[in-house]
Amino acid sequence: MIHVRNAWHVACWSMDLEAGKPFAITMANDPVVIFRAESGRVVALEDRCVHRLAPLSLGRCEGEALRCLYHGLKFEADGRCSDIPGQETIPATARARSYPVVDRHSWIWVWLGDPARADPALIPPAVGFDDPDYILGRGQLDYAAEARLIHDNLCDFTHLAFVHANSFGADEEWARTRPKVTQLPRGVRFERWVRGQNRSTINGGLEPVDLWSCYEYHVPGILLMPSASYPAGTADRLRDAPPPPDLPRTGVTFTSQAVTALTDRTSRYFFSWGPHRDHGDDALRDRLMGVAAMAFAEDKTMIEAQQKVIDRDPAHPVLPVTFDKGVVLYNRLVERLAREEREGVSVAA
Ligand code: FES
Ligand SMILES: [Fe+2]
């Protein structure tokens with residue numbers, strides 16, 4: 001499994017990180033401990049004490065530092081050991097690796113690669129709970145499957161017609177039409193009209209709409225998708241051109257999703273979804289979250305089953321078909337960025 005380490009990986013929801021309580025997570029096979037220090041700043045360290053390798057996540061937050069609760073070594077936010085009980089000299093090698101970390105858009109983002117290249121401007125513009133325009137709900141799921149299979153799933157919405165016929169009520173229009181797929185410096189963009197879809201309305205009903213679906217998938221697995229619906233017939237009228245910004249919409253939602261590789265065979269999937277304030281309320285948000293819970297369980301069932309088949313014969317070839325274009329572009333991008341990392345080339349666009 002290839003991991004792009006020079007990227008911002010989502011570790012957890014910001015609101016789930018309680019002050020003074022260390023949180024342990026494995027990210028791309030690295031054991032990481034994250035805590036919110038007394039000042040409110042978030043710290044991420046290697047979850048392994050230099051002394052006898054106990055997990056620091058079993059330790060105690062002290063101000064801006066974390067003390068290992070095996071034999072008491074204390075580590076500052078930069079990873080430097082500042083106290084060895086009963087020993088005056090602290091060797092320079094007494095250091096925990098510290099990771100660049102940013103609290104933004106309601107997620108805690110950790111840069112797993114070269115700290116010198118950690119540029120917060122590379123954090124994809126997810127919509128968090130601090131955005132006044134959206135009424136969001138959230139959730140997360142753990143997968144017994146490699147993150148790559150979830151990336152593949154999210155880079156090809158053909159499966160909506162088959163996996164999500166019940167939950168999203170998606171029809172075969174999703175499989176018959178192809179999105180326009182565009183390579184971005186650190187992701188892939190997908191855009192298309194999907195005609196005649198049923199959408200939940202604010203008063204609890206369903207209405208037929210044309211859906212403008214335009215989303216981006218960024219390394220290391222961040223999906224950002226605004227969806228706007230228009231009266232049925234709009235796509236024909238525009239001859240499939242993107243909708244002009246001032247065209248009245250019947251509904252607008254936004255979903256932000258993050259796929260984090262925990263190990264080579266396990267992953268965590270974070271998601272939020274909800275309507276724009278002008279097109280919805282808490283009740284619509286709750287209905288959408290009910291649909292999302294059902295839909296994402298459908299993906300999990302399929303992908304974990306797929307992983308088991310792959311594991312039986314990992315060398316077995318796959319058969320590429322036309323709707324794999326986005327999947328292929330994203331995987332090529334990941335391979336290129338990982339290669340550049342190994343060769344020490346810049347991560348800049
Ligand atoms: S293992 Fe942490 S102080 Fe001994
Ligand atoms: Fe899906």
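In each ligand, atom 1 is the first atom listed, and ligand 1 is the first ligand listed. Bear in mind the structure is a predicted one, so any value in this text is a computation, not a measurement.
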Provide, to 0.1 Å, the distance between atom 1 (S) of ligand 1 and the closest protein heavy atom, together with that atom's residue and name. Arg52 N, 3.3 Å
Interfacing atoms of ligand 1 (cut-off 4.0 Å, heavy-atom, Cys68): 1 (S), 2 (Fe), 3 (S)
Which atoms of ligand 1 are found less than 4.0 Å from any heavy atom of Gly72? 3 (S)
Heavy-atom nearest neighbour in the protein, as seen from atom 3 (S) of ligand 1, with distance rounded to 0.1 Å: His71 N, 3.2 Å
Strictly below 4.0 Å, N to O, side chains only: are Glu173 and Arg176 in salt-bridge contact? yes
Can Asp299 and His164 be said to form a side-chain hydrogen bond (donor to acceptor under 3.5 Å, both in side chains), step by step? CA-CA 8 Å; Asp299 284 317; His164 303 310; 3.0 Å; yes
Residues Asp278 and Arg249 bridged, charged N to O under 4.0 Å: no
Check His51 and report its N/O/S atom nearest to atom 4 (Fe) of ligand 1, by atom name. ND1
Please determine if Asp16 and Arg138 form a salt bridge, counting it only when a charged side-chain N lies under 4.0 Å from a carboxylate O. yes
Between His164 atom NE2 and Asp299 atom OD1, the angle centred on the Fe ion (ligand 2) rounds (to 10°) to 80°
Can you tell me if, anywhere in Glu298, an N/O/S atom lies at a distance from the Fe ion (ligand 2) that is smaller than 2.8 Å? no
Any N/O/S atom of Cys49 sitting less than 2.8 Å from atom 4 (Fe) of ligand 1, backbone or side chain? no
Thinking salt bridges, do Arg339 and Glu335 make one under a 4.0 Å N-O criterion? no
In ligand 1, which numbered atoms sit nearer than 4.0 Å to a non-hydrogen atom of Ala54? 1 (S)
Name whichever N, O or S atom of His159 ends up nearest to the Fe ion (ligand 2). NE2
Would you please indicate if the ring centroids of Tyr330 and Tyr217 are separated by under 6.0 Å? yes
Pair His151, Asn331: side-chain N/O donor-acceptor within cut-off below 3.5 Å: no
